[in-house]
Amino acid sequence: MAAVSSCKVCGSAGPHATFSVREMMLGLGEEFPYFQCRECGCLQLRERPADLSCYYPPAYYSINQQPLSTDGNPVRRVALLLRDRYALYNCGILGRFLYGHFPDEALRSLSGVPGLCTQTRILDVGCGTGALLYRLRQRGFRYLLGIDPWLQDDIQYTNGLVVRRQRLEEVEGRWDLVMFHHSFEHLADPEEALRLVAHLVPQGGTCLIRTPVIPCYAWQHYGVHWVQLDAPRHLFIFSRKGMELLAARTGWKLDKVVFDSTEFQFWGSEQYVHGIALLASNSYEVNPHASLFGKRQMASFRSMARELNAQEQGDSAALYLRRLAAIGSNKAQAS
């Protein structure tokens with residue numbers, strides 16, 4: 001079906017292909033209209049609900065996640081230290097082996113940030129409870145701040161990390177790296193977000209966006225059952241062309257794209273095809289033993305995800321944006 005809708009990324013008036021997508025994380029089953037821009041290829045929700053709070057309940061994964069603690073297990077603590085060193089700095093044969101068995105795509109994505117070190121000033125937008133920042137704090141990073149508007153209250157961890165119930169437009173200071181780990185697609189105005197970030201990051205600094213992307217195999221194969229559509233929480237799903245256009249208008253350049261999709265694109269989408277919500281009692285997310293998938297099937301999904309990433313057809317990627325010349329005065333200087 002085609003309809004006239006104005007693309008919020010490139011401005012194309014269409015007509016664009018439209019789709020009806022059901023809410024399937026919580027299992028509500030409500031349908032929401034999406035369209036894919038005929039010019040830039042970006043997918044977007046046509047009409048944003050006036051109140052999205054009901055789609056982010058207290059049990060929502062990112063605001064209910066607890067940082068991993070290894071204090072009581074010295075062997076596990078050393079193993080994670082070696083794995084994390086490899087993930088961040090590409091060093092250590094044993095760490096590489098451990099990472100192959102226990103991957104962490106979020107941590108690994110930071111290895112692509114130029115000049116990353118423990119002195120790097122990092123802001124994590126939409127960080128939930130700050131589980132990733134907590135691990136970075138444990139690895140010696142000191143200049144960290146996490147923000148998320150869906151938190152109930154600010155969080156102060158015993159290791160010194162602070163996570164605030166705050167919106168991007170309220171942030172001050174100067175940051176070498178601003179990152180969005182699967183939060184950028186939730187923003188109502190991604191262009192304005194990149195403009196705000198541009199005022200926080202010095203020339204040459206980095207904005208790291210990990211997000212679902214198209215074109216990809218999962219969208220082509222599963223269509224409206226693709227798990228990463230996540231209606232109505234995902235307001236935009238970007239193509240490379242769309243992100244390049246957005247970056248160029250806001251003081252950034254898209255330097256690099258690294259595909260980092262996982263087996264989730266398969267088992268999540270297969271469940272939706274069969275009408276199984278992500279948080280259903282027989283979902284792999286909730287109870288793997290009661291799910292549709294055995295260990296052999298999951299291993300096959302992981303192998304397929306690696307192949308698709310190598311072919312740049314995975315359904316999610318890390319996008320590295322570099323800050324270009326200054327575009328005006330910054331909100332505040334770091335104290």
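Quick note: numbers below take in every heavy atom, side chains included, and nothing from hydrogens, waters or symmetry partners. As the structure is a prediction and not an experimental result, all values here were calculated from the model.
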Spell out, as yes or no, whether a donor-acceptor pair under 3.5 Å connects the side chain of Arg142 to the backbone of Gln119. no

Does Lys253, at its NZ atom, have more than 12 non-hydrogen atoms belonging to other residues, nucleotides or ligands within less than 6.0 Å? no

Are the charged groups of Arg83 and Asp104 less than 4.0 angstrom apart, N to O? yes

Would a single hydrophobic cluster contain both Leu245 and Leu254, if residues Ile, Leu, Val, Met, Phe, Trp and Tyr are joined by side-chain heavy-atom contacts under 4.5 Å? no

Please enumerate all residues that pass side chain to side chain donor-acceptor pair (under 3.5 Å) together with Tyr222, with sequence neighbours excluded. Glu270

For the backbone of Val227 and the side chain of Ser269, can you confirm whether one donor and one acceptor N or O come within less than 3.5 Å of each other? yes

Side chain to side chain contact (heavy atoms under 4.5 Å, CB included) partner of Trp175, the single match among Leu145, Thr120, Ile122: Leu145

If you group Ile, Leu, Val, Met, Phe, Trp and Tyr by side-chain heavy-atom gaps below 4.5 Å, do Val273 and Met25 land in one group? yes

Under the salt bridge (Lys or Arg N to Asp or Glu O under 4.0 Å) rule, collect the residues that match up with Arg240, sequence neighbours excluded. Glu244

Among residues at least two apart in sequence or on other chains, which ones pass side-chain contact (heavy atoms from CB on, under 4.5 Å) with Asp260? Glu105, Arg210, Ser316, Ala318

Given 3.5 Å as the limit, does a donor-acceptor pair link the side chain of Thr262 with the main chain of Phe264, or not? yes

Linking I/L/V/M/F/W/Y whenever their side-chain heavy atoms sit closer than 4.5 Å, directly or via other members, would Leu81 and Leu132 fall into one cluster? no

Would you call Asp154 and Arg165 a salt bridge, taking side-chain N to carboxylate O under 4.0 Å as the test? no

OH of Tyr143: more than 12 outside heavy atoms within 6.0 angstrom? no

Side chain to side chain donor-acceptor pair (under 3.5 Å) against Tyr284, all qualifying residues, sequence neighbours excluded: none

Which of Val258, Leu88, Asn90 passes side chain to side chain contact (heavy atoms under 4.5 Å, CB included) with Arg108? Answer is Asn90

More than 12 heavy atoms from other groups under 6.0 Å of CZ on Arg164: no

From the list Tyr217, Trp226, Trp219, side chain to side chain donor-acceptor pair (under 3.5 Å) partner of Asp315 resolves to Trp226

Indicate, with yes or no, if the rings of Phe293 and Phe301 have centres closer together than 6.0 Å. yes

Show the numbers, then the answer: is there a ring pair (Phe, Tyr, Trp, His ring centres under 6.0 Å) between Phe238 and Phe184? CA-CA 10 Å; Phe238 285 91; Phe184 196 75; 5.7 Å; yes

With sequence neighbours excluded, what pairs up with Ala317 under the side-chain contact (heavy atoms from CB on, under 4.5 Å) test? Val213, Val257, Phe259, Leu319

Under the ring pair (Phe, Tyr, Trp, His ring centres under 6.0 Å) definition, can you give me all pairs with a residue in residues 97-126, not counting sequence neighbours? Tyr86-Tyr99, Phe97-His101

